[in-house]
Amino acid sequence: MLRITDAGTGEPTDVRPGLTRIHAHVARADTSALRVLLVADVLARALELGRTPVVMVADPPAELRARADALGIRRAETDALGGGQTLHVLGPEDPAADGIRVEVAPVSGPAEPADSAGSSSAVRLALLAHPRSSPVALDTGALTEAQETLARWRKTVALWANHPSKPIPEHVRQELRTAWEDDLDVPAALDMLRRLESADDVPDGARFESYAYADRLLGLELTREIGAWA
């Protein structure tokens with residue numbers, strides 16, 4: 001079960017099974033608002049991996065919606081009404097909302113970084129690499145590092161795909177799930193992938209399945225180059 005820290009109380013809260021509405025509060029079109037939408041998207045993915053049905057709610061400005069589309073962030077309903085529990089994803093300066101508050105720290109850097117220039121997945125990874133409660137400096141160095149990591153992982157995953165498929169090692173599956181179910185600790189899941197990348201005691205087919213499984217949460221298109229590296 002996913003446990004999230006409620007910014008309103010400062011206490012960890014279990015997200016009960018059942019229909020959950022994730023309401024992303026975004027009134028601006030800056031990169032901090034983009035990060036709010038991204039956290040909401042990953043939160044929805046984590047809950048769905050636990051078989052919890054999710055409805056995304058947000059009404060972003062058109063400019064922000066276009067940037068979110070480039071990052072692979074799912075579209076949302078604009079109406080927050082309906083049944084089920086609600087998780088509010090918002091920035092620290094946004095008005096208080098009744099219910100569980102998932103707070104997202106701001107982003108500094110260019111008003112429109114490289115996501116408008118064909119490097120949207122690098123922007124996504126650079127934002128996911130930090131705890132959501134920590135401010136992010138989305139500078140050239142961070143984007144370059146993310147782009148290099150993605151290029152390496154996508155090529156490696158494509159090469160692993162040429163080997164016979166093997167089951168995900170149970171300790172890998174458990175560590176990944178523990179990471180994202182523990183207050184949506186995406187950086188810990190990324191650390192697991194970095195260790196697995198050089199884990200020669202894990203068969204290549206199992207490493208492929210592990211990366212593909214983790215990407216259901218991350219949304220980084222890690223399998224997009226399968227067939228390009230025979």
Side-chain angles (χ1 to χ4, degrees), residues 24-46 58 60-75 89-94 102-159 176 179-180 183-198 211-212 214-226 228-229:
H25 296 258
V26 285
R28 303 178 304 278
D30 58 14
T31 308
S32 294
L34 183 67
R35 191 185 189 194
V36 169
L37 285 178
L38 176 59
V39 170
D41 178 71
V42 176
L43 178 58
R45 289 168 177 262
E63 179 185 352
L64 180 60
R65 181 63 263 172
R67 296 181 69 193
D69 287 343
L71 264 66
I73 295 171
R74 70 180 67 191
R75 287 184 168 263
V89 185
L90 67 178
E93 304 301 323
D94 292 324
V102 181
E103 203 163 275
V104 181
V107 180
S108 61
E112 283 198 54
D115 60 304
S116 60
S119 300
S120 53
S121 293
V123 174
R124 186 176 179 110
L125 176 56
L127 292 175
L128 290 178
H130 300 270
R132 68 172 186 281
S133 59
S134 299
V136 174
L138 199 60
D139 54 21
T140 301
L143 291 172
T144 298
E145 180 182 355
Q147 188 67 63
E148 291 173 350
T149 298
L150 277 174
R152 186 179 73 252
W153 280 357
R154 286 170 174 171
K155 178 180 178 179
T156 303
V157 167
L159 292 171
L176 288 170
W180 69 61
D183 206 23
L184 202 65
D185 191 352
V186 179
L190 291 170
D191 285 344
M192 173 74 253
L193 294 187
R194 293 187 186 96
R195 296 196 304 276
L196 188 61
E197 183 180 8
S198 58
Y211 269 65
D215 203 38
R216 293 170 61 187
L217 175 85
L218 302 171
L220 296 171
E221 298 183 312
L222 297 179
T223 61
R224 65 181 290 175
E225 295 187 10
I226 291 177
W229 301 91

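Computed from a prediction, not measured in an experiment: that's the story for all the values here.
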Spacing of CG belonging to L220 relative to CG belonging to D215, to within rounding of 0.5 Å = 5.5 Å
Answer whether the closest heavy-atom distance between the side chains of L218 and L190 falls below 4.5 Å.
-> yes
Ion pair check, R152 and E197, cut-off under 4.0 Å = yes
Closest contact, heavy atoms only, A122 versus L143 = CB-O, 4.0 Å
Shortest non-hydrogen pair, A58 vs P60, comes out as C-CD, 3.5 Å
What are the two closest heavy atoms between V39 and V89, and how far apart are they?
-> CG1-CG1, 4.0 Å
Side chains of L34 and V107 in contact at under 4.5 Å (non-hydrogen atoms) = no
E63 versus R28: any side-chain heavy-atom pair under 4.5 Å?
-> no
Taking every heavy atom of V136 against every heavy atom of A126, the minimum-distance pair comes out as CG1-O, 4.4 Å
May I ask you to test the L193-Y211 pair for a side-chain heavy-atom distance under 4.5 Å?
-> yes
Minimal non-hydrogen separation, L37 against A24, with atom names = CD2-CB, 3.8 Å
Are any non-hydrogen side-chain atoms of H130 and P187 less than 4.5 angstrom apart?
-> no
Go through the steps for R194 and W153 under the test side-chain contact (heavy atoms from CB on, under 4.5 Å), then give the verdict.
-> CA-CA 9 Å; R194 293 187 186 96; W153 280 357; 3.8 Å; yes
Does R65 pair with D69 as a salt bridge, N-O distance under 4.0 Å?
-> yes
Salt-bridge present (D41, R124; N to O < 4.0 Å) | yes
Residue pair E103 / R132, side-chain heavy-atom distance below 4.5 Å | no
In this structure, CG of D185 is separated from CE of M192 (nearest 0.5 Å) by 13.5 Å
Side-chain donor-acceptor pair under 3.5 Å between R154 and T223, yes or no?
-> no
Could you grab the distance from atom CG of L217 to atom CG of L184, nearest 0.5 Å is fine?
-> 6.5 Å
From OG (S120) to CG (L150), nearest 0.5 Å = 9.5 Å
Residues P106 and P92: closest non-hydrogen pair is CD-CG, 4.3 Å
Judged by modelled atom types alone, do T31 and R67 share a side-chain donor-acceptor pair under 3.5 Å?
-> yes
Qualifying residues under side-chain hydrogen bond (donor to acceptor under 3.5 Å, both in side chains), relative to R216, sequence neighbours excluded = none
